[in-house]
Amino acid sequence: MAREETFYDVIRRQGISRRSFLKFCSLTAASMGLGPAFADKIANAMEVKPRIPVLWLHGLECTCCSESFIRSAHPLVKDVVLSMLSLDYDDTIMAAAGHQAEAILDEIREKYRGKYIAAIEGNPPLNNDGMYCIVGGRPFVEQLKEVCNDAAAVIAWGSCASWGCVQAAKPNPTNAVPIDKVISGKPIIKVPGCPPIAEVMTGVVSYILTFDRMPELDRQGRPAMYYGQRIHDKCYRRPHFDAGQFVEAWDDENARRGYCLYKVGCKGPTTYNACSTVRWNDGVSFPIASGHGCIGCSEDGFWDKGPFYQRLSGIPQIGIESTADQIGGTLATAAGVAVAAHAGASAVKRLRMKSAETAAERERV
Amino acid sequence: MATLNTPNGFALDNGGKRVVVDPVTRIEGHLRVEVNVDGGNVIRNAVSTGTMWRGLEVILKGRDPRDAWAFTERICGVCTGTHALTSVRAVENALGIKIPENANTIRNLMQLCLQVHDHLVHFYHLHALDWVDVVSALSADPKATSELAQSISSWPMSSPGYFRDLKARLTAFVESGQLGPFKNGYWGHKAYKLPPEANLMAVAHYLEALDFQKEIVKVHTVFGGKNPHPNWLVGGVPSPINIDGVGAVGAINMTSLNMVAGIIQRSIDFIDQVYIPDLVAIASFYKDWTFGGGLSSTSVLSYGDIPDNANDYSMKNLMLPRGVITEGRLDRIEDPDLTDPSHIQEFVTHSWYRYPDERKGLHPWDGVTEPNYVLGPNAKGTRTHIEALDESAKYSWVKAPRWKGHACEVGPLARYIVGYARNIPEFKEPTEKLLKTLDLPVQALFSTLGRTAARGLEASWAAHKMKYFYDKLIARLKAGDRSTANTEKWEPSTWPASTKGVGFTEAPRGALGHWVKIDGGKIANYQAIVPTTWNGSPRDAEGRIGAFEASLLNTPMADPEQPLEILRTLHSFDPCLACATH
Amino acid sequence: MTMDLKQGPVPFNPYTANPKVSRTSYYIYEAPVRLWHWINVVAILVLCITGYFIGAPLPSVGGEATFTFVMGYIRMAHFIAGYVLAVGFLFRIYWGFVGNKHSREIFYIPFWRPNWWREVVFEARWYAFLAPYPKKYYGHNPLAQLAMFLMFTCMTTLMIVTGFAMYAEGAGPGHWSHTAFGWVIGLAGNTQNLHTIHHYGMWAIILFVIIHIYAAVREDIMSRQSMISTMVSGERMFKDDAP
Ligand code: HEM
Ligand code: HEM
Ligand code: NFV
Ligand code: SF4
Ligand code: SF4
Ligand code: F3S
Ligand SMILES: [Mg+2]
C-alpha cells in the first residue's frame, strides 16, 4: 500500500477542522446510542487507523440493502464512503466495470489479505451449479468464497445474506442459501432486515471501525445492540395491546386512533429488529407507525410464516386459510362428535351386556 | 464474418473481435454484455445477457394474493414500491375491488416520489461517471467553477469557497491512494469531454444528491412506514388519516403532511435548480455523441400511469401517456391491450427457460416459468466458466416480451415520445424547450443522450405532479373525506372461485405489468413483465433484437479494452436485472 | 383375591364369572397425585382459555389505554397458570420418584415389552367395540398410559418449554426464564415458530382432555372399576372380583 493514512489524516487534509471532526465523532457516538464520553474514544480510534478496504459483493438480491445504506443520516453515507472506509468494490456504484472491476478484487485480496471486510448483499444459489447467479461468467458462489476466505470479517447484509430471504421462500427454486452455509472459519455478522435500517447498517460498520472489534452478537449471529429486542417490546402501540384495543379492520376508527395491529397480523411480537426504537429514514416512521403490521422482515424464513394479515402462521399444505385454531377447532369438534358417537355406541353395548347379564342370571336362578 | 439482418431492421456481424463486459456495473443486478467490434472498433453485434434468476413467479404460486405485493416488491429495491403497486392493482382488478380516492392520491404520491428519487439517483450515482471525469475535477479552478454554476442556476451552494473546500476534500481523497468506488475508473478516457470546472461542479452535485436523495424517500416513509420497501395494501393504503381526533399520532396527520409538503418543495427545487441545469450543461458538451438510439426511433411502448381519479385506468385518466409506436410511425399510436392474448406475449427461444412450444409466445396469463440453463454449441468456455456466449442459442435469464411481435423500448424516453407524438403539452413543450436550448433537432431524442434527457424532464414533471396530488389530498381532507381503504372484499369468502386480473404501472424504467390468476383464494399463476425485461430482452424466435442490443450497434469505441461507450449507452436505460429476470 | 400384574389381566366373561358381586378396593393414587391432578386441571383450563384469547383476542375495548388492561390480565392469568402448571409438573416428576409405582406410569411407556403392546391393542379393541369385555387395571390401562405419556406428559413438557421460551422473550436476558430457556429462542430461529407450535400444542391437549374425560366417565360406567372417584379418593374400586 502506498500510504496507510488514518481517517483523521484524511479528514484533516480534506480541510475539515478538528472541531468539526470532534463534532462528527460525538454524532457518531450518539447514533450508536453511546454517551458523549465515547466521542473521545471514537476520535482517538479514527486518528490512528487507515481506512479499511471493504469489498461489497452482490448475489441474488434486490439491491435494497444498498439502497437502504445510502439513506443513512448518521453518519452520512458520503462520509462513510469518503472518509471512514474504502469501498473498493461494489458493483452497484463503482466506476469500473468488467475486467477493470474484477481486477480490484484480486488486488485487494492480495494486498490486504486478512485485513479487509467482505460485505455481502444477497446470497448464492446452489442449484444449477450456481449458475442462477453468474458474475464474470462464473457462479457467484465462487467469487463469494474467494473474497470471504481472505477477509478479516464478513458482514451479511440483510435477510438475503443472513437467512435466504425471498428467493429462498418455498419452494426455493434456485436453492438460494444464507452465506454462512458456504463460508466457514470467518466471523460473520448478520445484519438482517429486508432491508436493514440504514443507521443500523452504518452503525455496525462504525462500531467495527471505531472499537476495532466485532460487536457483541446474539445466539443467531446478530449484533445484540440492534437485534436484542422485539419490535413488540418497544412498540409505542403496546399500551393498546395490553389494554386489548385492536385495529379490527383496515381504516376503521381503531386504526385512526392508532390501536394495536395484532389482529391484522402484526408480527412485531416475534420480530427482532430496531424499527420501533431507531425507526426508519432518520426516524420519520416505521411500518407500524404508518398503519401496517410488521411482516417480520428481519426474521429467518419470514416469507413462509404468513399470511401476513393473519396472527397465526398458515399451514400451506392445508390451505392458506388454515390456522392452528381452525385445524385444532376442527379436530376438537371431530373429537367431540366421535365421543358422542362412541358414547351412544357404548350405551347400546351396555344395554346389551346388561340384558345378557340378566338373561344369564335368570338362567342360573 | 456472418452477417445477419434482423426482422426489426438491424444488421449484425459477429465477426471481428469479441469484447466481453461482465460485470456491467453501476446498474442494479447482474448483467453481461458481449459485443463484436470491427476493424475500426465499431460495434457490429451486441449480446446482452441477464445473469441472475430467483424464481419469484414460481415462489408466488399457492400464496395469498393479498400478500403478493410484498413478494413482488422484493423483485427490486431500487424501483421499490412500483412492483407492489402493480401487484395490488392486479389483485384488485381480479377481485373487482374499488379503492378510495384518497388511496389513489397517496399511491400516486408514492409512485411519483419513486420516479423522482430513482431518476435523480440514477443520473448522479449510476450514470454521471460516464460523462464526468472525477480526476479531471482536481484541476478545476474553484472560482471559474463558481461562475459556471451561477451562470446556469440560482442554486445557492455555488460560492468559490464551497468549490474550494470540495476540491480540497477531493484532492485529499485521491491522494490517499484509496480511491474507493472511483478505483480503476476510466479517468482520462478520450470520450470524456467536460472541462475540469464542469467536472468539479458535477462532483459537488454527486455528493449533494447523495445527501438529498435520502430526504425524498421520506414520502414513502410517511405513508408506507419505511423505504426501501414501503408497505401497501390491497383495497387502498395501510396508513389511516386522522387529522382531528385522539390518537392522531399513529396516522397521517398535520405533522406528517407538512413533512410531505416540505419534501415536495425541496425536490422541485433540487430537480429544477440542480438536476436539469446539470443535464443541460453536460449534454451541451456531448452534442456530437449521437449514438445509442436503438429501438427508440422505431418501436416504443408505454402503458401509462398516474390515474388522476381512482379506479379509472383508461387512457384519458392517466397522466403519464399510454401508447405503442411501431415502425417509426409517430403518426400511428396504438393502444396496448394487456388483456388481449395477441398483444403481449413472451418468448423464450433464446432465454434459459422451457416452453412446451418454443417457437410460440405465451400471453402472461398463461405464462410459464420453468428454468432451463443450456449453452449453445458455439459458446466458449465451460458451463460454469463462460468465456463467450452463443447467441444463436439460449443465452439469457431475461425472457423476450413482444407487442404484436415487436420488440419495444420502454422507459422515460418511450413515454416522452408517446407524449410528444400525442401532442400532450406537458410532455411536448419541455422537450421542445430542451431541444431548443441545446439547439438540436427532434431526431436527437433518439439517442443515448435523449434517453438521459427524457429521464431528467420526467423527474421534474413528477416532482411538480407530486405537488398537484398533495394539493388534491388536502382538498379532499378539507371536504371531510378520510377514507383510505375499502375492505368490502377483504375476506377471501367474498371472492369468486376463479378469477384473473392485470395491473400495470409506469415504473421508472418503463412499462410494468403483473398478471395474476386466482383459484380458490390462492394464486394459481403470477407473471410479471418488467421494463428491463423489455429493454434487456434477448432475441426472439424470429431473431428480433431487444433495445439494449439495438442501442449498442454502430457505436465506435475509442478503446475496446475500456468499455466506456458501452456503459454510457447501457446506463442510459438504467438497467435493472433483478427486475428483468425476477 | 390377588392379581399378578406381570401376568396381566385375564379377560372377563360375565357368563362364566362368579355372579356374586364383590367390591375390592386398592389404593392407587396417593393424595399428592390427586391434589396435583385437580390443581393441574384448573391450570390447564385457565391456560387454554387465556391462551386461546391471546391468539385470537376478544373484541376491542374502549377507554383510555392507560387504565385498561384486558389483554394484560389475560396474559397475566396465562403466565400465572403457566407457572402453576410448571411447578406442579416439576412436583409431579419428583413424586414419580418417591411415590408408588403407579405414580411413574405417565412418564414412560414400556415399549420394550411386547406384552404391553398386546395390551394396548386389546384396549384399543375394547374401545373400538371389538373386544366384548373390559379388563381390570390397577393403574392406567395401557392405552391410557400411552395417551397420558404422549398427549399429556410430552405435550405438557413442550408447552412448558415453548411457553417459557416465549415468556423469556418478553422478560429479556437476565431473567431466569431467559437463562433456562433462551436457547429455545435460538433453536426456533424465527420465534413465530414457537407460537405456532405452542398453539398446536394447546389443541393437542384439548383433544387429550376431551378423550380423557370421556374415557374416565365411560370407564366409570362401563368397565369394572371406579374411575372418577379414584381421582378423588385414590381408591380404585373393582366392581367384581373376577380376575
Ligand atoms: C397447557 C398449557 C398451555 C396452553 C394450552 C397454552 C396456550 C397458549 C396459547 C393458545 C397461546 C397463544 C399462542 C399464539 O397464538 O401466539 C399461548 C401463548 C403464550 N403462552 Fe401458553 N399455553 C400453555 C402453557 C404455557 C406455559 C407453561 C407458559 C409459561 C409461562 C406459557 C406462556 C405463554 C406465552 C409467553 C405466550 C405468548 C403470549 C403473547 O404472545 O403475548 N404458556 N399459550
Ligand atoms: C385439564 C383437564 C385434565 C387433565 C390435563 C388431566 C390429566 C390427567 C393425568 C395426567 C392423569 C394421570 C394421573 C397420574 O397417573 O398421575 C389423570 C388421571 C385421571 N383423571 Fe384426569 N385430567 C383432566 C381432567 C379430568 C377430569 C375433569 C376428570 C373427571 C371427570 C378426570 C379424571 C381422571 C381420572 C379418573 C384419572 C385416573 C385415570 C386412570 O386411573 O386411568 N380428569 N388425568
Ligand atoms: N426494470 C425495472 Fe424496475 C423499474 N423501474 C421495475 O418494474 O428497476 Ni429495479
Ligand atoms: S434482504 Fe431484502 S432488501 Fe436486502 S437485498 Fe434481500 S430482498 Fe432486498
Ligand atoms: S402493533 Fe404489533 S408490535 Fe406494536 S404492540 Fe401491537 S402487536 Fe405489538
Ligand atoms: S416488517 Fe421489517 S421493517 Fe421492521 S417493523 Fe417489521 S422488521
Ligand atoms: Mg416474468
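Lettering follows sequence order; numbering is per chain, from 1.
For the residue pair C:Gln192/A:Ser313, the side-chain donor-acceptor check at 3.5 Å is satisfied. Side-chain N/O atoms of C:Thr68 and A:Gln245 include no donor and acceptor closer than 3.5 Å. The closest side-chain donor-acceptor pair between C:Trp203 and A:Asp325 falls under 3.5 angstrom.
To the nearest 0.5 angstrom, C:Asn190 atom CG is 6.5 Å from A:Thr271 atom OG1. Annotation: the span from A:Tyr262 atom OH to C:Ile54 atom CD1 amounts to 7.0 Å, rounded to 0.5 Å. To the nearest 0.5 Å, atoms CD (A:Glu253) and OG (C:Ser60) are separated by 12.5 Å.
At a 4.5 Å heavy-atom cutoff, the contact between A:Arg238 and chain C is made by side-chain atoms alone. In this structure, the portions of C:Tyr127 lying under 4.5 Å from any heavy atom of chain A include both its backbone and its side chain. With a threshold of 4.5 angstrom between heavy atoms, C:Ile185 approaches chain A through its backbone and through its side chain. Contacts between C:Leu58 and chain A at a heavy-atom distance below 4.5 Å involve the backbone alone (N, CA, C, O). With a 4.5 Å cut-off on non-hydrogen atoms, A:Tyr259 touches chain C through its side chain but not through its backbone. C:Ile221 touches chain A through backbone and side chain together, each having a heavy atom under 4.5 Å away. Residue C:Met76: no heavy atom, backbone or side chain, is found under 4.5 Å from chain A. Both the backbone and the side chain of A:Arg311 come within contact range of chain C, judged by heavy atoms closer than 4.5 Å.
Open room surrounds CD on A:Glu216; 12 or fewer heavy atoms of other groups in view lie less than 6.0 Å from it. Annotation: C:Tyr52, atom OH; neighbour count of heavy atoms from other residues, nucleotides and ligands within 6.0 Å does not exceed 12. Other residues, nucleotides and ligands contribute over 12 non-hydrogen atoms within 6.0 Å of the OH atom of A:Tyr236.
Put simply, the side chain of C:Tyr214 gets close to the backbone of A:Ala343: a donor and an acceptor are under 3.5 Å apart. No donor-acceptor pair closer than 3.5 Å links the side chain of A:Thr270 to the backbone N or O of C:Thr191. A:Lys263 places no side-chain N or O within 3.5 Å of a backbone atom of C:Ala56 that could act as its donor or acceptor partner.
Listed options A:Ala338, A:Gly244, A:Gly228, A:Ala347 were ranked by heavy-atom pairs under 4.5 angstrom with chain C; first place goes to A:Gly244. Per-residue counts of heavy-atom pairs under 4.5 Å with chain A were compared for C:Phe67, C:Trp183, C:Phe69, C:Phe129; the largest is that of C:Phe129. Between chain A and the options C:Gly182, C:Gly72, C:Ala128, C:Gly172, heavy-atom pairs under 4.5 Å are most frequent for C:Gly182. The residue among C:Leu194, C:Thr196, C:Leu207 with the most heavy atom pairs within less than 4.5 Å of chain A is C:Leu207. Heavy-atom pairs under 4.5 Å with chain A peak, among C:Ile74, C:Thr66, C:Asn193, at C:Asn193. Comparing A:Asp218, A:Asp242, A:Leu312 by how many heavy-atom pairs each has under 4.5 Å with chain C, the most go to A:Asp242. Interface remark: of the candidates A:Pro239, A:Ala332, A:Pro269, A:Ala332 forms the most heavy-atom pairs closer than 4.5 Å to chain C.
Residues A:Arg219 and C:Leu187 form no side-chain contact, since every pair of their non-hydrogen atoms from C-beta on lies 4.5 Å or further apart. Annotation: side chain of A:Phe246 is not in contact with side chain of C:Pro59 (no heavy-atom distance under 4.5 Å). Residues A:Gln229 and C:Glu169 fail the side-chain proximity criterion, which asks for heavy atoms closer than 4.5 Å.
When all heavy atoms of A:His240 and C:Ala65 are compared, the closest pair comes out as ND1-CB, 3.7 Å. Listed here is the closest heavy atom pair of C:Ile210 and A:Val339: CG2-CG2, 3.8 Å. Between A:Asp233 and C:Gly170, the closest heavy-atom pair is OD1-CA, 4.1 Å. Of all the heavy atoms in C:Val61 and A:Ala243, the pair that sits closest is CG2-O, 3.2 Å.
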